[in-house]
Protein chains: 2
Amino acid sequence: MTDEAQSAGSREKILEVAEALFARRGFAGVGLREVAETAGLGKSSLFHHFRSKVQLYFDVLGRALGRIEARLLPTLAGGGEPMARLDRAVDTMIDSLAEQPATARLLLRSIFEDDDFAPDPIPEAEPAERALEAMIAGLEALLRDGVTCGAFRPVSARHMVQTLIGATVYHFASGDFGEQLVGGSLFSADEVRRRKDEVKSLLHHGLAATAPVPTGG
Amino acid sequence: MTDEAQSAGSREKILEVAEALFARRGFAGVGLREVAETAGLGKSSLFHHFRSKVQLYFDVLGRALGRIEARLLPTLAGGGEPMARLDRAVDTMIDSLAEQPATARLLLRSIFEDDDFAPDPIPEAEPAERALEAMIAGLEALLRDGVTCGAFRPVSARHMVQTLIGATVYHFASGDFGEQLVGGSLFSADEVRRRKDEVKSLLHHGLAATAPVPTGG
DNA sequence: TTGCCGACCGACCGCTCGGTCGGGTATAAA
DNA sequence: TTTATACCCGACCGAGCGGTCGGTCGGCAA
């Protein structure tokens with residue numbers, strides 16, 4: 001019996017299984033019957049907890065973004081040299097994405113699927129959007145600070161944010177392809193540590209203002 | 001009248017519109033009725049040119065990958081110093097993705113949606129998979145060569161390939177989100193050149209073996 | 001005991017999905 | 001003229017979609 005799970009936290013259970021399913025197959029690829037069945041409920045019961053499929057999707061998305069935001073913003077707000085702060089931010093981002101294997105793919109898909117809903121503003125999406133914007137703004141500010149105070153090379157903060165997202169979110173969203181590429185689970189403790197080291201060392205060498213420039217072409 | 005387009009290249013027309021639609025909304029999010037209508041045909045006519053929706057999808061995917069492969073493999077096969085070869089590879093990848101705005105998103109989505117079809121081997125996917133593997137193998141070999149000959153830091157070639165994909169494919173797949181972040185079209189000539197410069201300078205500083213290591217933690 | 005309420009359900013609705021089928025039309029070889 | 005072929009179409013199918021509806025059940029307060 002799973003009585004306690006059913007009576008106490010049906011809403012949480014739905015969010016959990018929906019997160020995994022939306023991450024794996026996307027908004028259009030998941031049916032509410034499957035969500036309900038996986039959660040151990042009838043389909044009608046979903047509508048008792050969520051107004052619509054769109055509402056469920058954005059609640060799932062906002063919940064995932066909120067989890068990361070709650071860890072990343074304090075990290076960004078902490079003091080220290082820009083490079084040390086960036087290191088901590090990378091560690092936090094990668095930890096957050098690695099601990100919940102569905103999250104990275106859900107987030108990356110959401111970047112695409114937002115265009116889908118594009119015609120209307122979609123009020124349900126606002127909490128998720130605000131969390132995302134806060135994190136992006138924090139990362140951008142950190143990079144800009146590092147450049148203006150001379151700790152970083154004069155890179156474009158915006159482009160570097162894109163590169164950071166690619167190096168973290170994309171990596172942990174790459175699924176079977178990524179696992180075939182690196183030759184093992186992306187989410188094992190070893191591989192997660194390895195990813196952190198690779199990203200941070202690339203930033204140490206590639207972003208710091210100290211090194212001379214050996215441009216040949 | 002669009003007679004010439006209909007009689008001559010209906011198959012090409014279908015592939016074109018399907019590529020744009022699959023890129024924008026994914027496999028599950030696109031209906032064959034919409035593909036047919038956009039192509040100016042009846043839905044039944046699609047089945048004259050393609051055996052099934054899956055076949056159409058993988059033909060679209062293989063065509064896109066083939067376009068890039070045809071440009072990237074010669075680039076990788078050319079001679080020169082590892083860093084110069086890598087520069088050319090980045091230029092080619094970014095040019096290929098920038099010239100066809102739908103391609104990056106199609107490819108990134110395909111990494112996710114492959115898991116969808118996972119249960120069976122899916123014979124239709126083989127041409128696309130072989131093109132992808134050839135490009136990955138080429139990039140990996142280039143990076144490994146650079147490390148063993150001392151031109152690059154001792155990075156993980158596999159992880160660096162992931163980072164390269166993130167810096168190129170993800171960037172040009174990021175759609176509205178990316179445009180809001182960089183503050184303009186990702187595909188304008190200026191922004192494309194900017195992206196190339198940012199990526200290559202990050203690699204020049206971050207991958208070259210010359211600079212000393214200021215590791216603090 | 002009565003009445004209410006949150007949680008849940010099966011049956012159903014209108015609609016769209018991928019795919020099939022039989023047939024129509026134009027060109028060109030025989 | 002007949003036959004073959006390439007191309008295209010409207011009508012249709014079973015299945016599944018998101019969402020609604022009426023109703024059941026157990027707990028809880030008066």
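Below, chain A is the first sequence line, B the second, and so on; all start at residue 1. The model shown is predicted, which means the values in this text are computed figures rather than measured ones.
- To the nearest angstrom, C1' of C:dG18 lies 15 Å from CD of B:Gln55.
- Proximity of A:Asp87 to A:His204: side-chain heavy atoms (C-beta onward) are separated by under 4.5 Å at one or more points.
- Checked by distance alone, A:Lys43 brings a side-chain donor or acceptor within 3.5 Å of a matching partner on the base of D:dG19.
- Remark: B:Ser156 engages A:Arg194, A:Glu198, B:Arg158, B:His159 in a side chain to side chain contact (heavy atoms under 4.5 Å, CB included) (not counting sequence neighbours).
- The nearest whole Å value for the distance from the CG atom in B:Leu32 to the P atom in D:dC9 is 14 Å.
- Residues A:Val90 and A:Leu164 form a side-chain contact, since some pair of their non-hydrogen atoms from C-beta on lies under 4.5 Å apart.
- Of the N and O atoms on the side chains of A:Asp59 and A:Gln55, at least one donor lies less than 3.5 Å from an acceptor on the other residue.
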Atom pairs and distances, side-chain donor-acceptor, residues 122-137 of chain B, under 3.5 Å, sequence neighbours left out:
none

Show the distances under 3.5 angstrom between N or O atoms of the protein and N or O atoms of nucleotides 22-28 of chain C.
none

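- Qualifying side-chain hydrogen bond (donor to acceptor under 3.5 Å, both in side chains) partners for B:Arg85, counting only residues two or more places apart in sequence or in other chains: none.
- Remark: P of D:dG18 and CD of A:Glu37 are 13 Å apart, rounded to the nearest angstrom.
- Applying the 3.5 Å distance criterion, the base of D:dG18 shares a donor-acceptor pair with the side chain of A:Arg33.
- Between the NZ atom of B:Lys13 and the C1' atom of D:dC7 there is a distance of 17 Å, rounded to whole Å.
- The side chain of A:Leu41 sits closest to C:dC9 out of C:dC9, C:dG19, D:dT20.
- Taken residue by residue, residues 47-54 of chain A places heavy atoms nearer than 4.0 Å to DNA chain C at A:His48, A:His49.
- Between B:Ser10 and D:dC7, a side-chain N or O to OP1/OP2 separation shorter than 4.0 Å is absent.
- Side-chain contact annotation: A:Arg105 with A:Ser110, donor-acceptor N/O pair under 3.5 Å absent.
- Under a 3.5 Å cut-off, the side chain of B:Arg88 and the backbone N or O of B:Thr75 do form a donor-acceptor pair.
- Distance B:Leu46 CG to D:dC9 P: 9 Å, rounded to the nearest Å.
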Only distances under 3.5 Å count here; give the side-chain donor-acceptor pairs of residues 18-34 of chain B to other protein atoms, sequence neighbours excluded, each with its distance to 0.1 Å.
unit_1, atom_1, unit_2, atom_2, d
B:Glu19, OE1, B:Arg63, NH1, 3.2
B:Glu19, OE2, B:Arg67, NH2, 2.8
B:Arg25, NH2, B:Glu34, OE1, 2.5
B:Arg25, NH2, B:Glu34, OE2, 2.3

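- Spacing between atom CG of A:Leu21 and atom P of D:dC17 amounts to 12 Å, rounded to whole angstrom units.
- For B:Ser45, a side-chain nitrogen or oxygen approaches OP1 or OP2 of D:dC9 to under 4.0 Å.
- Following rounding to the nearest Å, A:Arg11 (CZ) and C:dG6 (P) show an atom-to-atom distance of 15 Å.
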